[in-house]
Q: 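First the structure, which I've put down as structure tokens, then a few questions once you've had a look.
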Amino acid sequence: MPVNSLATQTSLKVAPVLLETLIKHYLDRHKKTVDGKSVTPLRQDELMYDEVFNVVKTFLRTASFHTVEDVQGFANTRTPSPPSVHVVRLLIPMASCDEAAKILVTALGGVESAKRVVGGVKWWQVRGISGVDAQWITAKKDWENAKRRMKMQEKAKGLEIPPTGSDEKAGDSDIYEKHMDAMRCILYSHGGGYYFGSVDQERYSIQRHARKINGRVFGA
């Protein structure tokens, strides 16, 4: 897999930025002004805020010297899910996207109306990919509770429970399990058609939604 040049440059710059911010924060925390300018209280009091702000600023400055493809490649970097989250990865086939496009055109009022509203019905359907990446995301404890409830229900009905393996753990998976059907569900659609960003990048906020409803989120 080719190395993304933006990811390489960003990784080399993050540590120096964090160290520089830490030193500046330590030296400036007792000052009311820095270089004759008043210091924002949040910046002065919250080291994490200051560091994140500077990291984002450095990334945006670095990204401005790279191509759109580099930025998109960086945003689409696959990242593992945390231990507290269960993720099922899948690919939405283009056939489903084509069917959804027909429904969307109808919702916009037809072809002529879609041309006036979004400038056409073809340009936003052109994709050089085999499908759209998507993920089922749920908290590990809710995933385990749903599995436990399903086993209890099957046992109460006298049904034979197929073995699932004692070493089965939460985490990244490619298999959607039946007991997840009983969980509450949110459909999360990322705005902007992933011009920048991905489900992996947005997972932190998505998993919080799943945890709030003790259910699952389908992010696409």
Side-chain angles (χ1 to χ4, degrees), residues 4 6-7 9-11 13-15 17-18 21 40-43 45-64 66 68-93 96-97 100 104 107 118 124 127 129 131-147 169-177 179-220:
N4 184 279
L6 176 57
Q9 286 194 19
T10 300
S11 62
K13 291 183 177 182
V14 165
V17 168
L18 292 176
T21 304
T40 303
L42 185 58
R43 175 190 167 190
D45 299 335
E46 297 292 340
L47 174 61
M48 184 64 71
Y49 165 84
D50 205 9
E51 287 189 331
V52 170
F53 179 82
N54 282 293
V55 167
V56 172
K57 186 169 66 173
T58 301
F59 168 75
L60 292 176
R61 185 187 303 118
T62 304
S64 66
H66 288 261
V68 171
E69 288 77 14
D70 280 342
V71 176
Q72 290 177 331
F74 175 85
N76 289 329
T77 301
R78 176 166 175 154
T79 56
S81 59
S84 61
V85 177
H86 179 64
V87 174
V88 179
R89 296 176 181 270
L90 54 89
L91 190 72
I92 302 175
S96 297
C97 297
L104 183 57
V118 297
W124 47 271
R127 304 181 183 92
I129 53 178
V132 176
D133 290 325
Q135 296 178 20
W136 283 105
I137 301 170
T138 180
K140 175 183 177 181
K141 63 179 181 63
D142 295 324
W143 172 73
E144 292 175 338
N145 288 338
K147 181 186 294 186
K169 298 179 180 179
D172 283 17
S173 172
D174 294 324
I175 301 175
Y176 180 89
E177 296 162 297
H179 65 266
M180 293 178 67
D181 286 348
M183 302 175 70
R184 295 177 179 176
C185 184
I186 292 177
L187 173 62
Y188 182 98
S189 297
H190 186 284
Y194 290 109
Y195 174 79
F196 177 76
S198 64
V199 180
D200 280 300
Q201 189 181 53
E202 298 294 327
R203 191 193 300 124
Y204 178 74
S205 61
I206 296 175
Q207 68 194 40
R208 290 172 65 88
H209 296 318
R211 192 168 67 246
K212 288 290 185 182
I213 66 168
N214 300 116
R216 59 197 165 128
V217 177
F218 184 70

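As the structure is a computational prediction, the values presented were derived from the model and not from experiment. Just so you know, residue 1 is the first one in the sequence shown, and it goes up from there.
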Q: Enter the distance from Lys147:NZ to Glu144:CD here, rounded to the nearest 0.5 Å.
A: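 Answer rounded to 0.5 Å: 7.0 Å.
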Q: Can you sort out the partners of Asp200 under salt bridge (charged side-chain N to carboxylate O under 4.0 Å, His left out), two or more places apart, ordered by chain and number?
A: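 Partners of Asp200 by the salt bridge (charged side-chain N to carboxylate O under 4.0 Å, His left out) criterion, ordered by chain and then number, come out as Arg89, Arg203.
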Q: Is atom NZ of Lys212 surrounded by more than 12 heavy atoms (other residues, nucleotides or ligands) closer than 6.0 Å?
A: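 Check fails, neighbour count at 12 or below.
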Q: For Asn145, enumerate each residue passing the side chain to side chain donor-acceptor pair (under 3.5 Å) test, keeping only those at least two apart in sequence or located in another chain.
A: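 Listed in chain order: Arg148.
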Q: What residue among Leu187, Ile186, Val88, Ile137 forms side chain to side chain contact (heavy atoms under 4.5 Å, CB included) with Phe218?
A: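 Among Leu187, Ile186, Val88, Ile137, the one meeting side chain to side chain contact (heavy atoms under 4.5 Å, CB included) with Phe218 is Leu187.
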Q: So which atom in Arg216 and which in Ile213 form the shortest heavy-atom distance, rounded to 0.1 Å?
A: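 Scanning both residues, the minimum pair turns out to be O-CD1, 4.0 Å.
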Q: May I ask you to check whether over 12 heavy atoms, not counting those of Ile175, lie within 6.0 Å of atom CD1?
A: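 For Ile175, atom CD1 is not crowded (no more than 12 foreign heavy atoms under 6.0 Å).
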Q: Let me see the working for Val199 and Asp133 under side-chain contact (heavy atoms from CB on, under 4.5 Å), right down to the final yes or no.
A: CA-CA 8 Å; Val199 180; Asp133 290 325; 5.5 Å; no
Q: Taking the inter-plane angle between the rings of His86 and Trp143 on a 0 to 90° scale, is it parallel (under 30°), tilted (30 to 60°) or perpendicular (over 60°)?
A: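 Correct class here is parallel.
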Q: Closest approach of Ser81 and Val87, non-hydrogen atoms and distance?
A: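 Closest pair (atom of Ser81, atom of Val87, distance): CB-CG2, 3.6 Å.
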Q: Are any of the side-chain heavy atoms of Arg211 and Ser84 separated by less than 4.5 Å?
A: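 Contact flag for Arg211/Ser84 side chains = no.
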Q: Could you pull out all residues at least two apart from Tyr204 that satisfy ring pair (Phe, Tyr, Trp, His ring centres under 6.0 Å)?
A: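 Partners of Tyr204 under the ring pair (Phe, Tyr, Trp, His ring centres under 6.0 Å) test: none.
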Q: If you compare all heavy atoms of Thr138 against all heavy atoms of Met183, which two are closest, and at what distance to 0.1 Å?
A: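 Heavy-atom minimum between the residues: OG1-CE, 3.0 Å.
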Q: Could you give the distance from CD (Glu202) to CD (Gln135), rounded to the nearest 0.5 Å?
A: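 One gets 11.0 Å once the value is rounded to the nearest 0.5 Å.
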